[in-house]
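Note sheet for the following structure.
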2 protein chains.
Amino acid sequence: MTGKKNKVMRLTSQRKVILEELRKVTSHPTATEIYDMVRERLPRISLGTVYRNLELLSSNAIIQKLDFGEAQKRFDGNPEPHYHISCSECGRVDDIHIPLNRELEDKAADYSGYEISGHHVEFRGVCPNCRDKAATRH
Amino acid sequence: MTGKKNKVMRLTSQRKVILEELRKVTSHPTATEIYDMVRERLPRISLGTVYRNLELLSSNAIIQKLDFGEAQKRFDGNPEPHYHISCSECGRVDDIHIPLNRELEDKAADYSGYEISGHHVEFRGVCPNCRDKAATRH
DNA sequence: GTATTTGCAAATACTTTGCAAAACC
DNA sequence: GGTTTTGCAAAGTATTTGCAAATAC
């Protein structure tokens with residue numbers, strides 16, 4: 001019905017550690033960053049395994065795969081929809097937990113005729129750290 | 001001051017045709033789609049040139065580079081900020097010209113301490129075509 | 001016991017880049 | 001005339017995949 005595969009997802013040590021490490025941070029790491037984090041606990045894990053698990057976990061809505069237009073995708077251990085902001089200076093990505101604006105979806109549906117299933121908001125700006133650094137330079 | 005290069009951007013036939021073709025459509029084509037469109041008028045143009053021009057034009061805010069999490073980036077001949085919606089069935093991308101919600105930026109600034117420079121909203125849903133097709137199938 | 005998952009390495013997909021020749025202003 | 005841009009081909013980067021061995025249940 002939903003098109004999802006019906007395979008049982010086994011709890012391998014690799015999968016468990018990837019999920020644990022991802023849930024520890026709010027930094028929205030890339031696949032290679034996660035690889036590095038996980039390798040401290042599982043030195044023999046391969047990058048391919050990390051990619052495969054991130055793909056599987058995100059397609060099962062256990063984590064989120066994010067794309068901020070950079071070369072590498074990022075991952076978020078929190079599967080609940082929420083907004084994000086990225087710093088144009090240092091590239092860091094933070095969560096923005098303001099309430100989702102459902103009215104936007106109604107407007108978009110009226111405008112487009114689409115049947116809307118969700119939306120995402122990405123803010124751009126300069127993070128407090130980088131703003132302070134810039135100020136210090138004067 | 002702004003970090004932009006000060007080179008003069010020359011009006012080559014390749015650049016002109018790329019821009020013209022991109023402005024003709026609202027389909028948010030990928031680089032290879034633009035390559036195919038342009039090649040009908042300039043059969044000897046190379047894909048590298050298309051990429052270089054799309055990069056240059058978007059970094060000069062003459063066009064927009066968009067990323068919907070697919071493998072390929074997409075391009076929009078309209079440089080004005082506006083929202084987008086993509087169809088989860090067929091992948092098409094449409095503009096949503098509802099007014100930008102600046103209040104969201106204020107809320108995000110309050111929440112995060114960032115200095116916000118802009119935001120983008122992406123809706124997901126099923127386009128009218130695909131909805132009709134799905135209905136017909138029953 | 002059997003289907004899923006892993007590590008490894010090779011393959012793929014998209015985009016970028018070096019360079020000499022051509023084009024623009 | 002000097003700088004930018006092009007075509008071409010090769011390189012780069014991120015991600016995916018085939019396969020035999022290992023693992024989970």
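Throughout, a chain's letter reflects where its sequence line sits, starting with A, and its residues are numbered from 1.
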Revision key, fill the gap. To the nearest angstrom, the CZ-P distance between B:Arg44 and C:dA21 comes to 16 Å

Review point. Is B:Ser86 reaching over with its side chain to a backbone N or O of B:Gly91, donor-acceptor style, under 3.5 angstrom?
Key: no

**Study point:** Non-neighbouring partners of B:Arg92 that pass salt bridge (Lys or Arg N to Asp or Glu O under 4.0 Å), sequence neighbours left out
**Key:** B:Asp94

**Study point:** Residues within residues 14-28 of chain A bordering DNA chain C, heavy-atom distance below 4.0 Å
**Key:** A:Gln14, A:Arg15

Check your understanding: When you check the gap from the basic side-chain N to the acidic O, do B:Glu20 and B:Lys16 get nearer than 4.0 Å?
Key -> yes

Check your understanding: Under the salt bridge (charged side-chain N to carboxylate O under 4.0 Å, His left out) rule, what pairs show up with a residue in residues 73-87 of chain A, not counting sequence neighbours?
Key -> A:Asp67-A:Lys73, A:Glu70-A:Arg74

Check your understanding: NZ of B:Lys7 versus C1' of D:dT6: gap in Å, rounded?
Key -> 13 Å

Practice item. Measure from the side-chain N and O atoms of A:Gln64 to the backbone N and O of A:Asn78, and report whether any donor-acceptor pair falls under 3.5 Å. Key: yes

**Study point:** Closest contact, heavy atoms only, B:Ser112 versus A:Pro128
**Key:** O-CG, 3.9 Å

Output one line per pair: protein atom, nucleotide atom from nucleotides 20-24 of chain D, and distance, for all N/O pairs under 3.5 Å.
residue : atom : partner : partner atom : Å
D:dA24  : N3   : A:Arg10 : NH1          : 2.9

Study note, to complete from the structure: What residues 69-79 of chain B contributes to the DNA chain D interface at heavy-atom separation below 4.0 Å is none

Revision key, fill the gap. With five pairs defining each end axis, the helix from C:dG1-D:dC25 to C:dC25-D:dG1 comes out bent, to 10°, by 50°

**Study point:** Between D:dT5 (P) and B:Leu57 (CG): distance, integer Å
**Key:** 10 Å

Check your understanding: So which residues get pulled into A:Leu56's cluster when ILVMFWY side chains under 4.5 Å apart are joined, directly or through others?
Key -> A:Met9, A:Val17, A:Ile18, A:Leu19, A:Leu22, A:Ile34, A:Tyr35, A:Val38, A:Leu42, A:Ile45, A:Leu47, A:Val50, A:Tyr51, A:Leu54, A:Leu57, A:Ile62, A:Ile63, A:Phe75

Revision key, fill the gap. For A:Met37, the hydrophobic cluster (side chain heavy atoms closer than 4.5 Å, chained through members) also holds A:Val25

Produce the list of close N/O pairs, under 3.5 Å, pairing protein atoms with atoms of nucleotides 16-19 of chain D; give distances to one decimal.
residue : atom : partner : partner atom : Å
D:dG18  : O6   : A:Arg52 : NH1          : 3.3

Check your understanding: Roughly how far, to the nearest 0.5 Å, is the NE2 atom of A:His82 from the CD1 atom of A:Ile96?
Key -> 9.5 Å

Exercise for review: Round to the nearest Å and state the distance from A:Asn53 atom CG to C:dT4 atom P.
Suggested key: 15 Å

Review point. Checking B:His97 side chain against B:Asp95 main chain: does a donor-acceptor pair fall under 3.5 Å?
Key: no

Point to revise | Pairs where residues 48-60 of chain B contributes a residue and the test salt bridge (charged side-chain N to carboxylate O under 4.0 Å, His left out) is met, not counting sequence neighbours | key: B:Glu55-B:Lys65

**Study point:** Nucleotide D:dT15, atom P - distance to CG of A:Leu66 in whole Å
**Key:** 13 Å

Review point. Does any pair with a residue in residues 104-136 of chain A pass ring pair (Phe, Tyr, Trp, His ring centres under 6.0 Å), and if so which ones, sequence neighbours excluded?
Key: A:Tyr83-A:His119, A:His84-A:His120, A:His119-B:Phe123, A:Phe123-B:His119

Practice item. Please collect all salt bridge (charged side-chain N to carboxylate O under 4.0 Å, His left out) contacts where either partner lies in residues 111-128 of chain B, sequence neighbours excluded, each pair once. Key: A:Arg131-B:Glu115

Exercise for review: Working to the nearest 0.5 Å, report the span between CD of B:Glu105 and CD1 of B:Ile116.
Suggested key: 6.5 Å

Review point. Does A:Asp110 come within less than 4.0 Å of A:Lys107, counting only side-chain N to carboxylate O?
Key: no

